[in-house]
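Taking it in order: structure first as structure tokens, then the write-up.
Predicted, not measured: the structure shown is a model, and the values here were computed from it. Here, residue 1 is the first one in the sequence, and each next residue gets the next number. We count ligands from 1, going down the list as the structure has it; atoms in each ligand are counted the same way.
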Amino acid sequence: MSNFVDPKLVPKVKLYTGEEIPCIGMGTFGSDRFTPEQVSDAVAGAIRCGYRLFDCAAVYGNEHLIGEVFDEAIKEGVVGREELYITSKVWNDKHGEGDVLKSIKKTLVDLKLSYVDVYFVHWPFPNYHAPGCDGDSRNPDSKPFSVDRFMGTWKQMEELVDMGLTKTIGMSNMTIPKLEAVLPLCRIKPSLIEMELHPAFQQPELFDYCVGHGIQPIGFCPIGSPTRPERDKTPDDVAATEIPELIEIAKAHKVHPAIICLKWAVQRGQIPIPFSVYENEYVSNLRCTTEDPLTDKEMAILKSVDRNCRLIKGQVFLWEGAKGWEDLWDLDGTITK
Ligand SMILES: NC(=O)c1ccc[n+]([C@@H]2O[C@H](COP(=O)([O-])OP(=O)(O)OC[C@H]3O[C@@H](n4cnc5c(N)ncnc54)[C@H](OP(=O)(O)O)[C@@H]3O)[C@@H](O)[C@H]2O)c1
């Protein structure tokens, strides 16, 4: 079978801005496990195979190499810039006045682009941790969420749209209480919200809240991130691909359970951004959106397997006095201070 999946066959999702973007993209976080070269090679392969949406971020430490890949693919005529949908994210140590502009400028130089399609606030706190640090590490300067501080960052994001440096802007790792507080204050509403979404962590309330507000959910760790950094693993974590009902459905479709996670995501309506450096995996991840859909019954079964199991708990972003990772996620319905 050819390794090319015609991008025209990949379903599209319409944002409130009118822009239509592919229903699936490729993640580019090497999880401290894959080198920047391995990730950028995978991006090069993925463009040739028909991927058009790539989820990048400054903190992934590989935008300078991925930029070379984009530049080459565009110059060689493999793909036009306007056919690509490229996201990037401002990291937590670049929320201060003037820093967001500096951050996107650096990203644009690295990615060798004049604009990105979506620019996200990666986490809603200015809380920095060193790349690759262990799970217990804490930064004494870390602070709880503040509406004023966040809006100071968001205003800078809105100016990037005015300047044409990004087409739209998005948020990531948000909660309903935080969105309730900030959405009425936004001049430009987020077009997408990136959040952890897989069959073992479906976040139905946040998902419905976003859809109800015309904001497109984009799901990270769509396969349950089996290769995530050790600091993000705990003994109680549930692996999405090991849920018995999901394995049964995978057997019926004669595919790997990872593929069922992605079909479920696309049919539910979120945009999954699976990561893989292996061509056979990333090609099948893209192709599965174009063939052999899940039945309504299978979708209902998968809806019922939610284990409310958050994998990316974010404990390295906690501030002094915080009780535990739950404080980042406003579990009692109010913003934790
Ligand atoms: N906004 C945020 O805060 C945030 C947080 C986390 C992630 N992200 C984004 O989300 C992307 C995806 O998340 P992720 O990489 O953590 O998790 P993921 O996509 O759920 O899992 C990736 C792993 O799944 C396996 N896999 C992929 N395709 C497969 C297939 N067809 N068959 C079998 N196994 C397959 C691979 O493991 P093997 O190598 O073992 O095959 C791969 O390393 C990231 O790259 C990043 O862009 C964003």
[X] heavy atoms, cut-off 4.0 Å: which ligand 1 atoms fall inside?
| X | answer |
| --- | --- |
| Ile273 | 9 (C), 10 (O), 11 (C), 12 (C) |
| Ser172 | 1 (N), 2 (C), 3 (O) |
| Pro274 | 19 (O) |
| Ala258 | 29 (C), 30 (C), 32 (N), 33 (C) |

At a 4.0 Å cut-off, with the gap strictly under it, does some heavy atom of [X] reach an atom of ligand 1?
| X | result |
| --- | --- |
| Asn173 | yes |
| His122 | yes |
| Tyr60 | yes |
| Tyr282 | no |

**OP:** Check the surroundings of atom NZ in Lys106: do more than 12 heavy atoms from other residues, nucleotides or ligands lie under 6.0 Å from it?
**Re:** no

Original post:
Only one of Asp237, Asp232, Asp327 clears salt bridge (Lys or Arg N to Asp or Glu O under 4.0 Å) with Lys313; which?
Top reply: Asp237

Original post:
Are any non-hydrogen side-chain atoms of Trp325 and Phe317 less than 4.5 angstrom apart?
Top reply: no

Subject >> Side chain proximity check, Arg81 to Ile86, heavy atoms < 4.5 angstrom >> reply: yes

Original post:
Run the side-chain hydrogen bond (donor to acceptor under 3.5 Å, both in side chains) check on Asp236 and Thr234 step by step: do they pass?
Top reply: CA-CA 6 Å; Asp236 297 334; Thr234 68; 5.5 Å; no

Original post:
Do Arg48's NZ or CZ and the ring of Phe4 fall within the cation-pi criteria of under 6.0 Å and 45°?
Top reply: no

Look at the aromatic rings of [X] and [Y] and report parallel, tilted or perpendicular, splitting at 30° and 60°.
| X | Y | result |
| --- | --- | --- |
| Trp319 | Phe125 | tilted |
| Phe275 | Phe34 | tilted |
| Phe150 | Trp154 | parallel |

Can you pull out the closest protein heavy atom to [atom]? Residue, atom name and distance to 0.1 Å, please.
| atom | result |
| --- | --- |
| atom 45 (O) of ligand 1 | Phe29 N, 3.0 Å |
| atom 20 (O) of ligand 1 | Ile223 N, 2.7 Å |
| atom 10 (O) of ligand 1 | Phe220 CB, 3.2 Å |
| atom 33 (C) of ligand 1 | His256 CE1, 3.4 Å |
| atom 19 (O) of ligand 1 | Phe275 N, 3.0 Å |
| atom 40 (O) of ligand 1 | Thr227 CG2, 3.5 Å |
| atom 16 (O) of ligand 1 | Ser225 OG, 2.6 Å |

Residue-level breakdown please: for [X] versus ligand 1, do any non-hydrogen atoms fall below 4.0 Å on the side chain, on the backbone, on both, or on neither?
| X | result |
| --- | --- |
| Cys221 | both |
| Asn285 | side chain |
| Glu194 | side chain |
| Asp55 | both |
| Tyr278 | side chain |

Original post:
Okay, side chain of Glu194, backbone of Pro217: is any donor-acceptor separation there less than 3.5 Å?
Top reply: no

**OP:** Tell me, with the steps shown, if Leu183 and Ile215 meet side-chain contact (heavy atoms from CB on, under 4.5 Å).
**Re:** CA-CA 11 Å; Leu183 285 184; Ile215 302 168; 4.1 Å; yes

Subject >> Between Ser40 and Asn62: side-chain donor-acceptor atoms closer than 3.5 Å >> reply: no

Original post:
Is any N or O atom of Glu281, backbone or side chain, closer than 3.5 Å to an N or O atom of ligand 1?
Top reply: yes

Subject >> Shared hydrophobic cluster, Leu311 / Val238 (ILVMFWY, side-chain heavy atoms < 4.5 Å) >> reply: no

**OP:** Tell me which one of Cys288, Pro226, Ser276, Gly314 gets a heavy atom nearest to atom 25 (C) of ligand 1.
**Re:** Pro226

